[in-house]
Amino acid sequence: PRVFDDLECKTIQPSCRQFPGLMTGLFNRHSLLTKLFKRNTFSRSYLYVGEDFTGPRPVDWVSGCAMLVRREVIEQLGVLDDGFFFFCEDIDFCWRAHKAGWEVMYFPEASVVHFSGKSAEKVPFRTLVAKHDSMLRLYRKHIRRSVITDPFVLAGGLARLAVLLGREALRRLAC
């Protein structure tokens, strides 16, 4: 049976996740904390680590790189929110589908080659800013429970963005 149990999976990337929450910013697929604490509950839950995906099953959201959507869903929800640029529009769409009572299914038999990050390589600084802007939009639209958390989320997002921009700048200088 095919079970996702490796956070470092390179060949077969599970293209579904649970909906993000406040802790996802700290414990996501690429975060330092996930790499240091591979068995942490937040990352394992978000990434469906240890879950059985040998057959079709309902999930929170699937990657938009290969998403099939019923016409009735688009007629009810509309298309992808163009307020998201380049990131998180698939998460938002699936979240809206769930809220409207639709089920999002993952089909492990389907196979797609997705060259993740190839578009982003061309404009890495703009990409990082756009990604964080989309994550903030997703937070405000679906995750926010109180404006009290906003300063913490914004500070965390800006700190993460600063680290990633600095790392990208150092990488470019080294080339």
Any R17 side-chain heavy atom under 4.5 Å of D60 side chain: no

Compare all side-chain heavy atoms of N40 with those of L33 and state whether any distance is below 4.5 angstrom. no

Is it true that Y46 and F27 have ring centroids separated by less than 6.0 Å? no

Distance alone, cut at 3.5 Å: any donor-acceptor contact between the side chains of W61 and Q18? no

So, do L136 and L154 sit near enough that their side-chain heavy atoms are less than 4.5 Å apart? yes

Do the charged groups of K141 and D81 touch, with an N to O distance under 4.0 Å? yes

Is the NZ or CZ atom of R44 positioned over F42's six-membered ring, under 6.0 angstrom from the centre and within 45° of the axis? no

Under a 3.5 Å distance rule, please check whether S45 uses its side chain to pair with a backbone N or O of T41 as donor and acceptor. no

Residues, nucleotides or ligands: over 12 heavy atoms within 6.0 Å of F152 CZ: no

Would you mind checking if R57 and E51 are paired as a salt bridge, meaning a charged N to carboxylate O distance below 4.0 Å? yes

Side-chain heavy atoms of D133 within contact of F85, under 4.5 Å: no

With a 3.5 Å distance limit and no angle check, can you tell me whether R145 reaches the backbone of I143 through a side-chain donor-acceptor pair? yes

So, taking the atom named CD in E89 and the one named CE in M67, what distance separates them when rounded to the nearest 0.5 Å? 8.5 Å

Do R96 and D92 meet the salt-bridge criterion of a basic N to acidic O distance under 4.0 Å? yes

Audit row: H132, F87, ring pair (Phe, Tyr, Trp, His ring centres under 6.0 Å) steps and yes/no: CA-CA 9 Å; H132 284 75; F87 295 100; 9.0 Å; no

Using modelled atom types only, decide if a donor and an acceptor are shared between the side chain of S134 and the backbone of K131 within a distance under 3.5 Å. no

With a 4.5 Å cut-off on side-chain heavy atoms, are L22 and Y139 touching? yes

Does a donor on one side chain sit under 3.5 Å from an acceptor on the other, for S43 and T34? yes

